[in-house]
Asker: 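Would you mind keeping the following structure in view while I ask a few things?
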Number of protein chains: 2
Amino acid sequence: MATGKSVIRERRRHRGDNRVTIEDVAKQAGVAPITVSRALNTPEKVSAKLRERIDHAVEALGYVPNLIAGGLASAGTRVIPVIVPSLSILTFIEVVHGIQQTLEAAGYQVLLGSTDFDLDREAALVDSVLGYSPSGVIMTGLLHRDSTVRRLKAWGRPVVELMELGDSCLDMNVGVENDEAGACMARHLLERGYRRIAFLGTGMQRDYRARQRYEGHRQALEAAGVKGDLLFHNEEPSSYAAGRRVFLEALEACPDLEAMHFANDNLAAGAILEANRRGMRVPEDIAIGGYLGLPLGEHLTPQLTTVAVPRFEMGVEAAKLLLVRLEGRSPPSPRVDIGYELIVREST
Amino acid sequence: MATGKSVIRERRRHRGDNRVTIEDVAKQAGVAPITVSRALNTPEKVSAKLRERIDHAVEALGYVPNLIAGGLASAGTRVIPVIVPSLSILTFIEVVHGIQQTLEAAGYQVLLGSTDFDLDREAALVDSVLGYSPSGVIMTGLLHRDSTVRRLKAWGRPVVELMELGDSCLDMNVGVENDEAGACMARHLLERGYRRIAFLGTGMQRDYRARQRYEGHRQALEAAGVKGDLLFHNEEPSSYAAGRRVFLEALEACPDLEAMHFANDNLAAGAILEANRRGMRVPEDIAIGGYLGLPLGEHLTPQLTTVAVPRFEMGVEAAKLLLVRLEGRSPPSPRVDIGYELIVREST
DNA sequence: CTGTTAGCGCGTTCAT
DNA sequence: ATGAACGCGCTAACAG
């Protein structure tokens with residue numbers, strides 16, 4: 001006869017959904033659902049014999065765990081939101097790539113969010129993604145709305161802040177010292193004998209990391225007794241075209257310039273390409289330095305001198321830090337300086 | 001006295017988790033939890049008065065819905081997995097960018113997965129992400145393991161397959177006709193009067209879309225009575241450096257070549273940069289054509305002739321198609337040809 | 001090592 | 001327009 005039990009089974013799924021559940025597997029293997037759960041999540045806690053029976057049943061039925069249900073029960077999905085300012089800027093993408101590759105290998109999934117450099121959008125995004133009960137969060141930068149900081153602190157799970165390094169962070173921090181990187185290129189240009197040196201950037205209003213590099217640049221020049229506040233910038237987004245434009249603007253405004261320190265390699269590459277077009281000699285007529293270490297730099301003529309930052313590795317490192325914490329251990333240091341490297345090539 | 005009820009409330013959360021729940025809000029507003037749920041999800045079904053009280057309570061308590069619980073109850077989170085072959089290839093990133101921007105604006109979140117061009121990894125990823133009860137899925141390409149196809153079909157929710165167009169797709173399809181795009185460039189080179197024309201690519205073993213373009217190229221040449229199977233390729237990933245290398249290999253193997261049709265702009269740009277370095281004249285000594293329409297192309301000297309594909313728009317279109325289906329409507333056509341455009345510049 | 005019980009926080013369903 | 005009851009599928013906690 002149809003018992004009450006079977007009635008329940010009939011109306012089990014809300015809608016046309018008919019996925020195999022852990023209960024189906026348990027029945028097939030002749031065990032309790034929890035044993036299936038254990039066989040899948042902590043195999044060492046289940047006898048070899050049962051494990052095998054269960055693996056069979058899983059295979060036979062094509063069971064795929066419902067991670068949503070698991071997440072609700074255990075208050076933690078294997079999802080890591082990664083919040084970046086923009087997906088149109090190569091830097092962030094390479095970082096995301098490093099993160100994604102590392103986390104996916106460890107069985108976590110990346111939930112992508114972008115703020116368009118807007119801290120209010122960041123705040124809203126954080127609220128929203130915390131609703132997914134993520135295992136941890138990776139954020140860009142150290143600068144957030146108070147509400148964001150409060151939420152994340154109250155939340156209490158691992159958080160990594162990425163890109164720049166600072167005195168205080170929410171939880172963990174990996175990045176580079178932007179002012180030092182800026183000073184590094186400035187000192188290199190000084191050593192080469194250049195004295196009329198300008199810093200050129202775009203979108204520096206929103207990109208405070210570029211401003212930090214400029215600050216390092218300025219201080220390095222002034223420490224050497226050289227005028228350091230020669231700055232050219234506009235607010236368009238970084239691109240080759242933007243690089244060509246600031247390059248020309250600076251040349252026009254300041255024809256006796258000897259060297260240009262660009263806020264990033266995209267701009268610097270644009271400048272070299274423009275110089276190529278006009279038959280200008282680099283570095284004889286004008287020296288050019290960049291920041292990032294984009295692959296394009298070494299293929300230009302002249303090859304671009306740059307301060308390279310390991311962007312992919314920065315992502316990997318952030319993910320590793322998070323994974324350590326997710327495994328319940330605590331990392332040797334919650335702060336990782338990923339470093340930078342001056343690569344001297346032909347353009348200076 | 002402590003009633004049974006309050007005991008339950010004490011031990012409510014499994015672990016240190018202390019998030020505000022819908023019940024807290026309901027209590028504060030003096031309504032039932034379900035009313036809060038409605039006020040948030042279908043405000044038009046709740047009286048203005050209650051809605052206001054509830055909004056207040058939400059604000060005051062800082063309530064953020066637990067999307068996991070919602071997902072479990074309603075069998076559908078607002079998550080869209082996007083599965084791409086690689087995050088180190090700019091093309092896919094721009095597509096993801098378009099998708100992400102469109103979906104995020106509509107209140108959906110992108111779950112990122114990458115397969116490294118491996119169909120078995122793709123199959124595993126699909127299994128895994130379906131566990132998140134996503135609202136829909138966006139996949140790359142039309143070629144999948146049988147098991148992947150079966151799962152997705154049985155699953156029954158919206159699926160978009162992206163990049164190339166084909167006769168049959170799982171559900172919806174947006175992309176470009178690769179063979180036509182390849183033929184387009186080939187015909188352009190023929191029109192320019194070139195006869196000794198080679199196709200050069202890298203990683204074509206895994207990248208069957210590049211093979212499709214080569215096929216279109218070959219047929220166009222042979223239709224014109226020109227030898228079409230001049231092919232140079234190797235299996236390294238695409239990069240400027242790889243472009244420089246195939247360029248040199250082809251020149252050496254075939255010094256009387258008149259034109260080169262590259263599988264993508266990265267390779268073509270590498271070739272132009274190498275030609276710059278060697279003082280070779282393009283297109284006089286050798287003509288160069290690309291595919292994609294990367295920004296770099298127009299800044300090179302000579303500017304690169306290319307077949308441009310609107311990659312960002314392709315992502316936007318895919319997301320829109322999905323959104324239409326998610327709103328319960330059905331799109332005018334489940335197949336969108338995103339098109340391509342021949343951009344003739346200086347290099348041919 | 002295995003099972004029982006009791007929710008996780010919501011939305012569906014059905015009643016009012 | 002609002003509410004009560006129930007279960008989505010899984011795992012934590014506690015027994016045995």
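Note that these values count all heavy atoms, side chains included, but never hydrogens, waters or copies made by symmetry. Letters A, B, ... mirror the listed sequences (proteins, then strands); counts begin at 1.
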Asker: Please tell me if B:Ser74 has a side-chain N or O lying less than 4.0 Å from either OP1 or OP2 of C:dT12.
Answerer: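 False: B:Ser74 side-chain N/O out of range (4.0 Å or more) of C:dT12 OP1/OP2.
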Asker: Restricting to side chain to side chain donor-acceptor pair (under 3.5 Å), what partner residues turn up for A:Glu327, sequence neighbours left out?
Answerer: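 A:Glu327: side chain to side chain donor-acceptor pair (under 3.5 Å) contacts with A:Arg329.
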Asker: Would you please name every residue forming a side-chain contact (heavy atoms from CB on, under 4.5 Å) with B:Ser88, sequence neighbours left out?
Answerer: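 Residues passing side-chain contact (heavy atoms from CB on, under 4.5 Å) with B:Ser88: A:His97, B:Ser86.
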Asker: Rounded to the nearest Å, what distance is computed from the CG atom of residue B:Leu72 to the P atom of nucleotide D:dC8?
Answerer: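 Interatomic distance, CG of B:Leu72 to P of D:dC8: 9 Å.
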Asker: Please classify the nucleic acid contact of A:Ile34 as base, sugar-phosphate, or nothing, using heavy-atom distances under 4.0 Å.
Answerer: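 A:Ile34: base contact, heavy atoms under 4.0 Å.
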Asker: Rounded to the nearest 0.5 Å, how far apart are CZ of B:Phe312 and CD of B:Glu317?
Answerer: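 One finds 11.5 Å between CZ of B:Phe312 and CD of B:Glu317.
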Asker: In whole angstrom, what separates B:Glu23's CD from C:dC10's C1'?
Answerer: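 Roughly 11 Å, once rounded to whole Å.
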Asker: D:dG9 phosphate, OP1 or OP2: any side-chain N/O from A:Thr21 under 4.0 angstrom?
Answerer: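 No, outside the criterion.
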Asker: Of the residues in residues 38-55 of chain B, which ones touch DNA chain C at a heavy-atom distance under 4.0 Å?
Answerer: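 Output list: B:Asn41.
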Asker: Tell me which pairs pass side chain to side chain donor-acceptor pair (under 3.5 Å) where either residue lies in residues 160-173 of chain A, with sequence neighbours left out.
Answerer: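 For residues 160-173 of chain A: A:His144-A:Glu161, A:Glu164-A:Tyr208, A:Glu164-A:Arg209, A:Asp171-A:Arg325.
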Asker: Rounded off to whole Å, could you give me the OH-to-C1' distance for the B:Tyr132 and D:dC8 pair?
Answerer: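 To the nearest whole Å, that distance equals 18 Å.
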Asker: Inspect the contact between A:Arg151 and A:Asp127 and indicate whether a charged nitrogen and a carboxylate oxygen are less than 4.0 angstrom apart.
Answerer: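 A:Arg151 and A:Asp127: salt-bridged.
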Asker: Roughly how far, to the nearest 0.5 Å, is the CD atom of B:Glu104 from the CG atom of A:Leu87?
Answerer: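 Nearest 0.5 Å value for the CG-CD distance: 8.5 Å.
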Asker: Quick check: closest heavy atoms across A:Ala57 and A:Gln28, and the distance to 0.1 Å?
Answerer: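 Where A:Ala57 meets A:Gln28 most closely, the heavy atoms are CB-CG, 3.5 Å.
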Asker: Does any residue of residues 57-70 of chain B have a heavy atom under 4.0 Å from DNA chain C, and if so, which ones, in number order?
Answerer: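 Residues of residues 57-70 of chain B under 4.0 Å from DNA chain C: B:Tyr63, B:Asn66, B:Ala69, B:Gly70.
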Asker: Output side-chain donor-acceptor pairs under 3.5 Å for residues 30-41 of chain B, partner residues at least two apart or in another chain, one line each.
Answerer:
{"from": "B:Asn41", "atom 1": "ND2", "to": "B:Ser37", "atom 2": "O", "distance (Å)": "3.2"}

